[in-house]
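Report on the following structure.
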Number of protein chains: 2
Amino acid sequence: MNVELKDLAPLLLKKERAGGNIDPAILTDILREGKDKNARRKAMVELAASHPVLSDRNMLFRNHSERYNFGLKKVHHYIKVVREQNITDKDDQQFLYSALGEPLPIDVHRAMFIPTLENQADEEQQKKWLPLARNFKITGAYAQTELGHGSNVQGIETVATYDKEKQEFIINSPTLTSRKWWPGGLGKTATHAIVHARLFLDGKNVGIQAFLVQLRSLENHQPLAGIEVGDIGPKVGFNAVDNGYCAFHNVRIPRDQMMMRYAKVLPDGTFIQPKSDKFVYLTMVQVRAYLIIKCGHVLGQTTAITTRFSAARVQGRKPNNKGEFQVLDYQNQQNALFPYIALSYAAFFSGRNMIAMHDAALDIIKSGKGSFEDKLAELHAVSSGLKAWLAENVSNGVEALRRLCGGHGFSNSSNIGHIFAETVGATTYEGTFDVLVQQHARYLAKVLVSSPNADNSSTGFLARAKFFADPSLRCKAQKPEDFLNFNVMREAFEARATRAIIRAAKELQATKNDLNKCMVLLTRASVAHAEYMLFASFVEGVESVPAGPTREAVAVLCGLFGLWLINKTLGDFREDNYISSEQAEFVRRQLVALLPIVRKNAVLLTDAWDFTDFELNSAIGRYDGDMYRALVKRAADEPLNKSQVPESYEAYLKPLIQSDL
Amino acid sequence: MNVELKDLAPLLLKKERAGGNIDPAILTDILREGKDKNARRKAMVELAASHPVLSDRNMLFRNHSERYNFGLKKVHHYIKVVREQNITDKDDQQFLYSALGEPLPIDVHRAMFIPTLENQADEEQQKKWLPLARNFKITGAYAQTELGHGSNVQGIETVATYDKEKQEFIINSPTLTSRKWWPGGLGKTATHAIVHARLFLDGKNVGIQAFLVQLRSLENHQPLAGIEVGDIGPKVGFNAVDNGYCAFHNVRIPRDQMMMRYAKVLPDGTFIQPKSDKFVYLTMVQVRAYLIIKCGHVLGQTTAITTRFSAARVQGRKPNNKGEFQVLDYQNQQNALFPYIALSYAAFFSGRNMIAMHDAALDIIKSGKGSFEDKLAELHAVSSGLKAWLAENVSNGVEALRRLCGGHGFSNSSNIGHIFAETVGATTYEGTFDVLVQQHARYLAKVLVSSPNADNSSTGFLARAKFFADPSLRCKAQKPEDFLNFNVMREAFEARATRAIIRAAKELQATKNDLNKCMVLLTRASVAHAEYMLFASFVEGVESVPAGPTREAVAVLCGLFGLWLINKTLGDFREDNYISSEQAEFVRRQLVALLPIVRKNAVLLTDAWDFTDFELNSAIGRYDGDMYRALVKRAADEPLNKSQVPESYEAYLKPLIQSDL
């Protein structure tokens, strides 16, 4: 080899791009929803990248306290920039905020506290509190989860008692486990919190309600009397956030600080039952839909880093002294990496579908025309199942991709460890896996036994349940290439999902709806349906790409995705020999046969996300492949390198070296 | 519920133990290799736990620099205690060292630098350097990996040139990518390093050799002339270790600082070829065997934490107002958790077998009687495959278990995130997955086409390859319970492994040994064989438990393990319908049917590892289940809670709250 490795790396990446035959700009338009939106996004990213504080990326040199304090500094400057530059568009604000590189102490204030005021406060309350919150005159937390209860909201122990005389609620934490635990921003930042508590009126339990409680003085930030509040300590991720705890000791708040848009308490203590709130469901669906798209983005970032590294890195001699293999040459590397490139696209297309379905439902509700209850139930169930599946598999994917970068992946200079730490929490928040898959699968079982609507995009195939469940049904593939036919594959996903749903429905019946006895089967049904939807959304996505080589490349990626899913759970697809032993071998062969075809455009397919180097923040994932200089440069930033001799040398190392202890 | 949750948690854990019917002490004797050894272990753990510095467990409050400096402090006190208390037994030293709770800057000095001197230095060199190293008059790194090359050792770019006149080697880093990168302890601690470099004698390349190079002054710890050295920055794990970089600029060392036990350079520059070194292989096997056992320990720790938490935690109402479910009641929780309890045992039993095989080979070599070449090749291949499989699956298991603890798992108070970060590096170091599975599978393919010895414990079944490969062979299970029969299951693992190995061997032949075209199939063969060995070792392990209810419980765990593995890769086992569609359903049913049986003793099976609360360091994994008080107590330690108002309030938060920016 005549070229030095450090110079070879950029050349290899260039060569890889030159070898492709697609136009990534076509895909960028799709993934970033148009040129204009993407240009605005990139302008905001550039604004952060050129700001002395907002451009900071030294978070992993810091401990939790330091990250929190620097986090507040970022918050301060973010708000300052938004005001000074008059950034009023919500998308623009979000683009800038996302460019800050990590979750921050006001995440929950933005994403939960303000929306709760918007959705659950009545008009008068909104008039009073919203301007304060929006202008950061108060900062808020969302205090639902307690030390003893998370998923089971009905188990919340915090108590609110109404004092008719004074027209006040008295908030109390009656037990150790009733203290609020986990809310982001609660520990050190929030001046106020939305507090969920069980309300008692004249000794009568009227259920869990939401209250606005002031926690800290607006003068000096000291906790108010009766408030015990603090940070719960470091976590796997979110270390710039002060996830906190809070206990209430007879804290009194005025009657008008219960969220009164739906349920109400009149001055005399009369309780007004809330009407059922369809918007709450829609908000949950929307939050999940964006989380699904975010899963696509996260995998887009990580596959971009890993693919570039794999292309630019050489390791291992080729036979006959022909130099070294690019890591991307290795069959195992392709086999592990490419499905996640595919999954990033699948997640994006599914999220896009979810948002479209949400918006359509919202239109129906707003217009007052047509029934939306069914649509709402569907959206809620389907978004649960997709979120559960994607949070698990995208987190696992990020970690798998990190390992594909070997030692350099283990270093924080790759940034993949950071991406993982800030992603994997999604397996828990907004609903844990077990809870979500049950909601999803129970819905599917219900649709199965009702009369499924064949036109429905997510469950329409259940109208043909008998056909799919017929044990004599056989997959029609005659040769490996037949598994590139989307109709052949779609039928496989439909048959497999139908059978899993039927199996779960039967078990529900047999156990008289003893959910706990059916969980494993319900989970299998949810997973089977989520994978069907991901594949189906991907196929639709392919069709949205303009015809030409770019669409063809995305179609191949979609084929690879389907084959990967089938191969992962081959046992399911082989049920009743729907896929025969011979066809299983076709699946495996075709999967491997696609690898070199995907490889041709692998770098361009990940370039298409159009993440900037600043966003990726990865020495090994640079667009130009100049990774070795970047790694050396990044190591020089490590604070330990500020002095040649470490500060603990005199005290601890020198005595060992120079004398017996 | 009349009992408060905080008091209920310990009661539930007690109840869980009372419901079991096994004696965990019987298992402790097995897992800890006898009462005496375990008593010594616990004495060392207690010594650390009661020491003001060694008992420190605040590592996750610190950043990398702080962790490194505190790490040196721990090292200092560890050595002091060993000397003052005259702890000379190697096991005792290791027990104490392991109780320090994290990898430390002298890990590599202990595990690689000293052993290299012992194994590769000649007698004279040993006499000079070993006392210095053992007494910490010098501290050493093991500098093989470079920025540009890791797995491909032959690609190392560092150069050593022999200067005949001065009888010195000149060590040089000719390129940016030739700088050493990653070695633990190299950045700030090591005074010396074993440096791997390509040796040139009279302009002739004689291959990679190992040299002892002084890096820093023993007077003031400053880097010597020509040495550029530093820390590579924070990582996913190992943040108390100064993984470092080093570049050499014409650094001269005397001739007698090349490791000369095998290869030699005479004063006149004559090169003496090394004899092949069988001990190097044996050392690698031993390192892997202990890594395999360590995988068992890590899962033992994590399953103990998760099982206790799942038993003590309630979440979710039972039907008919009968209180709340223990998390351990949930079918999904059992289905996800119990296989990892089983895997912890399987890893331990496999590691134990590996060590026995290693010791037997060593005896043969030492006695000079009998052939050991075959045994060495087998040990090397088989330990590669097991290490690859376990590093991946145990890391994934730890992370899966963390998620099973919900939000509390995400908090560092659970300690599972820390365990993961310090474990997952094993997927990369001591051989990455792709390299190891290839070595393993190529060996298996070779054995297949030679004449396999039926008595061989790891590959003997290949003597019956024809029988297992016969496509008309059918699994004999007639009903779900038949899958509890170890012979039925063992045959399934043998048939599946045989077929995978044949498939890979055929592909090697068809591609004329083009390894890269066979990697996916080689990987499948390696995985199939590793799982066969894990299951077979577990079955042997069951037989080593004294007859009675305890053995029965371990046998059930072994059955669950086998079923879990089969179900995970059902497609493999269904090849040629060896397992029919109906039998696949038996597997799934039997797996679920075992869950309540395993549950009966789940807590006791993890208690059996006998980890102390100090070792687990987990608020939610305490032996007594008093987790809520522990969580509150641990949060109080968080440095952010030292003041009510965070230090950044005045500068960044107050201006937002009290005035417009």
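Throughout, a chain's letter reflects where its sequence line sits, starting with A, and its residues are numbered from 1.
When the candidates A/R313, A/E84, A/Q438 are compared by the number of heavy-atom contacts under 4.5 Å with chain B, A/R313 comes out ahead.
At a 4.5 Å heavy-atom cutoff, the contact between B/R629 and chain A is made by backbone and side-chain atoms alike. Proximity to chain A involves both the backbone and the side chain of B/P639, based on heavy atoms less than 4.5 angstrom apart. For chain A, no part of B/N239 is nearby; none of its heavy atoms comes within less than 4.5 Å. No part of B/N243 comes within reach of chain A, as not one of its non-hydrogen atoms sits under 4.5 angstrom from that chain. With a 4.5 Å cut-off on non-hydrogen atoms, B/V587 does not touch chain A at all. At a 4.5 Å heavy-atom cutoff, B/Q334 makes no contact with chain A through either its backbone or its side chain. For B/E392, the parts lying near chain A are the backbone and the side chain together; criterion is any non-hydrogen pair under 4.5 Å. Contact of B/T428 with chain A is made through the side chain alone, with heavy-atom distances under 4.5 Å. Contact of B/N335 with chain A is made through the side chain alone, with heavy-atom distances under 4.5 Å. Looking at B/R574, both its backbone and its side chain come within 4.5 Å of chain A, counting heavy atoms on both sides. The parts of B/F410 that come within reach of chain A are both its backbone and its side chain, each placing non-hydrogen atoms under 4.5 angstrom from that chain.
For the pair A/I657/B/K137, no side-chain contact is recorded, criterion being any heavy-atom separation below 4.5 Å from C-beta on.
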* To do: Take A/V632 and B/R179 through the test side chain to side chain contact (heavy atoms under 4.5 Å, CB included) and record every step on the way to the result.
  => CA-CA 10 Å; A/V632 170; B/R179 52 185 57 203; 3.8 Å; yes
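Contacts of A/R503 classified as salt bridge (Lys or Arg N to Asp or Glu O under 4.0 Å), with partners at least two apart in sequence or in another chain: A/E507, B/E585. Residues that satisfy the ring pair (Phe, Tyr, Trp, His ring centres under 6.0 Å) test with A/H418, not counting sequence neighbours, are absent from this structure.
Atom CG in B/L653 sits 8.0 Å away from atom OG1 in A/T191 (nearest 0.5 Å).
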